[in-house]
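Input: a single structure, listed below in structure tokens.
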Amino acid sequence: MRSWVEVSLDQIAANYHSVRDTVGPGVEIMPVVKADAYRHGAVAVSHRLEEIGVRWLAVSNVQEGVRLRESGIRSRILVMADTVAAGADAWQIHRLTPVIHSLEEIAQLPAGVAYHLKIDSGMGRLGVRAHPEDIVRAAKGTPIEGLMTHFASSADYTSPQTDEQIATFAQIAHWLQVDYVHQSSTNPIHFGRRAAWGNLVRPGLALYGYLSQGRGPVPERLLNVRPALSWKTRILLTKDIPAGSRIGYGGLYVAERDLRIAILGAGYADGLPHRLSNKGRVLAAGALTPILGAVSMDVTTIDISHAPHLRAGDSVTLLGREGDATLDAQQIARTAGTIAYAVLCGISARVQHVFV
């Protein structure tokens, strides 16, 4: 394999149990496996989660839900960010549960299809913004099963926005009797915002081993999770270059001394951020190793002067651990000026999965 990710299903299970232990038996857990489980492999991850007792899974769109059903997943599947029209017959044939984002959409649902209603409590994206009486009137006599919202700033303790959203949501939830009330993704669980847990939580990033540090006077952190994915690639070629040589598109890097370099079989088409050009690092022979010049579509050049024994065919770690050296998605994101979600979800479909 030229480039591949290794995913520990055992670690994902351990991360799930950390959430389980934190929220306690009175709160159900709905793991978020959208975007191919943040590129960890939604089918394999979902089957493992189902094996350890998960009864709900969350995806973004109908196609993701259908794929899980066709793989044999039996758990309830909540489709969080699609339209009723997009589901057509899939809501019934594949037993998918839609999230409704407008009162008008309720009437478009096929008869008997249970749904969750999303309230825009202050995020300003998907969800209903209406008076509680109007919401009750529109939902009356329909199979509404859940009421949900999503927070905009739940790791930011310098802002009152999350408390304001909780209060707005509570005003509406008071008017409706539903089986499930849910607001919390990873951050409100991790930082113990128990008022927002309801009887169902939707952890995403925590399942894959990442947590926010938060801003401001954050309370005690509750979750204990570790990354479940490492990303590796093969060296295609090694060679020596003299001082003064230019490397890559635009001659972005100029060697200040004689170097031994390796050309890796991964580039931005594989998901390695182009913004790592001339400033990112990888792990080679157990050490952080600089990227030289521009990250290209299919290849990336690194300095292996510290490890001249490396040869074509040897592996290098783009994300993960080698010995005592680590490089995780949050570190990569800081260098690339993005977020850990984007680093993980950006790993290309052409990068193969190995489950360990």
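Values below: all heavy atoms of this structure, side chains included; hydrogens, waters and symmetry mates excluded.
- The backbone N or O of D179 lies less than 3.5 Å from a partner atom in the side chain of N199, making a donor-acceptor pair.
- If you chain together hydrophobic residues whose side chains sit under 4.5 Å apart, L344 and W4 never meet in one group.
- Between the side chains of S121 and T149, at least one donor-acceptor pair of N or O atoms lies under 3.5 Å.
- Between T158 and D156, the side chains place a donor N or O and an acceptor N or O closer than 3.5 Å (distance only, hydrogens not considered).
- Both V32 and V201 are members of a single hydrophobic cluster when ILVMFWY side chains are connected at heavy-atom separations under 4.5 Å.
- In this structure, CD in Q183 is found 8.5 Å from CG in L147, a value given to the nearest 0.5 Å.
- No side-chain heavy atom of R234 sits under 4.5 Å from any side-chain heavy atom of L264.
- Cation-pi check for R193 over Y157 is met; the charged atom lies under 6.0 angstrom from the ring centroid and within 45 degrees of its normal.
- Heavy-atom neighbours of R74 CZ from other residues, nucleotides or ligands within 6.0 Å: at or below the threshold of 12.
- The pair R55-E28 counts as a salt bridge, with a side-chain nitrogen and a carboxylate oxygen less than 4.0 angstrom apart.
- Side-chain contact between N15 and S18 is absent, with no heavy-atom pair separated by less than 4.5 Å.
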Quick one, I135 with V128, criterion side chain to side chain contact (heavy atoms under 4.5 Å, CB included). Give me CA distance, side-chain angles, the key distance, then yes/no. CA-CA 8 Å; I135 294 172; V128 173; 4.1 Å; yes
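- Using modelled atom types, no side-chain atom of W91 and backbone atom of V113 make a donor-acceptor pair closer than 3.5 Å.
- Contact of the L109 side chain with the Y115 side chain is registered, since non-hydrogen atoms from C-beta on lie closer than 4.5 Å.
- Between D328 and R226 there is no salt bridge, since no side-chain nitrogen of the basic residue lies less than 4.0 Å from a carboxylate oxygen of the acidic one.
- Judged by distance alone, with hydrogens and angles left aside, the side-chain atoms of T186 form a donor-acceptor pair with the main-chain N or O of A206 at under 3.5 Å.
- By the 4.0 Å N-to-carboxylate-O rule, E145 lies close enough to R76 to be salt-bridged with it.
- Between atom OG of residue S315 and atom CG of residue L310 there is a gap of 9.0 Å, rounded to the nearest 0.5 Å.
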L78/M30 under side chain to side chain contact (heavy atoms under 4.5 Å, CB included): CA gap, chis, key distance, verdict: CA-CA 9 Å; L78 187 73; M30 179 191 292; 3.7 Å; yes
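- With a 6.0 Å radius and a threshold of 12 heavy atoms from other residues, nucleotides or ligands, R275 has its CZ atom at or below the threshold.
- Between H274 atom NE2 and L272 atom CG the span is 10.0 Å, to the nearest 0.5 Å.
- Annotation: M1, atom CE; neighbour count of heavy atoms from other residues, nucleotides and ligands within 6.0 Å is above 12.
- Shortest non-hydrogen contact noted between S46 and L68 is OG-CD2, 3.7 Å.
- A salt bridge is absent between R311 and D314: the closest approach of a Lys/Arg side-chain nitrogen to an acidic carboxylate oxygen does not fall below 4.0 angstrom.
- Classification of the Y38-Y208 ring pair by plane angle, with boundaries at 30° and 60°, yields tilted.
- A 4.5 Å side-chain heavy-atom check between Y210 and V225 finds every atom pair outside the cut-off.
- Test R69, H47, E50 against S75 for side chain to side chain donor-acceptor pair (under 3.5 Å) and you get one pass: E50.
- Looking at R67 and V43, their side chains come closer than 4.5 Å, going by heavy atoms from C-beta outward.
- For CZ of R221, the number of neighbouring non-hydrogen atoms (other residues, nucleotides, ligands) closer than 6.0 Å is greater than 12.
- At most 12 non-hydrogen atoms from other residues, nucleotides or ligands lie less than 6.0 angstrom from NZ of K34.
- Cluster membership check: L126 does not share its hydrophobic cluster with M123, using side-chain heavy-atom separations under 4.5 Å among Ile, Leu, Val, Met, Phe, Trp and Tyr.
- Ring centers of Y180 and W56: under 6.0 Å apart, within the cut-off.
- Looking at H94, its side chain never comes within 3.5 Å of a backbone N or O of L96 through a donor-acceptor pair.
- Scanning all heavy atoms of the two residues, the minimum distance from V218 to A155 falls at CG1-O, 4.4 Å.
- Note: H353 and H40 fail the aromatic proximity criterion, with ring centroids not under 6.0 Å apart.
- Listed for the Q161 side chain is no donor-acceptor partner under 3.5 Å among the backbone atoms of A152.
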Would you sort out whether D10 and R48 count as a side chain to side chain contact (heavy atoms under 4.5 Å, CB included), showing the intermediate values? CA-CA 8 Å; D10 285 347; R48 183 56 180 273; 2.6 Å; yes
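- I261 belongs to a hydrophobic cluster whose remaining members, ordered by chain and number, are L236, L237, I241, I247, Y253, L259, I263, L292, V299; membership requires side-chain heavy atoms of ILVMFWY residues under 4.5 Å apart, directly or through intermediates.
- Counting only distance, with no hydrogens or angles, the side chain of T335 and the backbone of Q331 share a donor-acceptor pair below 3.5 Å.
- Classification of R350 and D298 as a salt-bridged pair holds, one side-chain N sitting under 4.0 Å from a carboxylate O.
- The two atoms that bring G65 and I77 nearest to each other are O-CD1, 3.8 Å, heavy atoms only.
- Legend: salt bridge (Lys or Arg N to Asp or Glu O under 4.0 Å) pairs involving residues 236-261, not counting sequence neighbours, sorted by first then second residue: D240-R260, R257-D303.
- Closest approach of P31 to V54, counting heavy atoms only: CD-CG1, 3.6 Å.
- Note that CG of L288 is 9.5 Å distant from CD of E322, once rounded to the nearest 0.5 Å.
- R125 has no carboxylate O lying under 4.0 Å from a charged side-chain N of D120, or vice versa, which leaves the two without a salt bridge.
- A side-chain donor-acceptor contact under 3.5 Å links S3 and W231.
- Linking ILVMFWY side-chain heavy atoms closer than 4.5 Å, directly or via other members, places L276 and I304 in a single hydrophobic cluster.
- One hydrophobic cluster, built from ILVMFWY side chains closer than 4.5 Å, cannot hold both F151 and L200; they sit in different ones.
- What you find for P110 and A88 is that their closest heavy atoms are CG-O, 4.3 Å.
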For side chain to side chain contact (heavy atoms under 4.5 Å, CB included), just list the numbers for I189 and V19, CA-CA rounded to whole Å, side-chain angles, deciding distance to a tenth of an Å, and then say yes or no. CA-CA 8 Å; I189 302 168; V19 176; 4.3 Å; yes
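- The shortest distance between side-chain heavy atoms of V79 and V99 does not fall below 4.5 Å.
- Under the 4.5 Å side-chain criterion, counting only non-hydrogen atoms from C-beta, N278 is not in contact with I291.
- Contact annotation: the side chain of V356 never approaches that of V7 to less than 4.5 Å [non-hydrogen atoms, C-beta and beyond].
- Environment of NZ in K140: sparse, with no more than 12 heavy atoms of neighbouring residues, nucleotides or ligands closer than 6.0 Å.
- Atom OG of S60 sits about 6.5 Å away from atom CE of M80, to the nearest 0.5 Å.
- Here the CD1 atom belonging to I302 is positioned 9.5 Å from the OG1 atom belonging to T233, to the nearest 0.5 angstrom.
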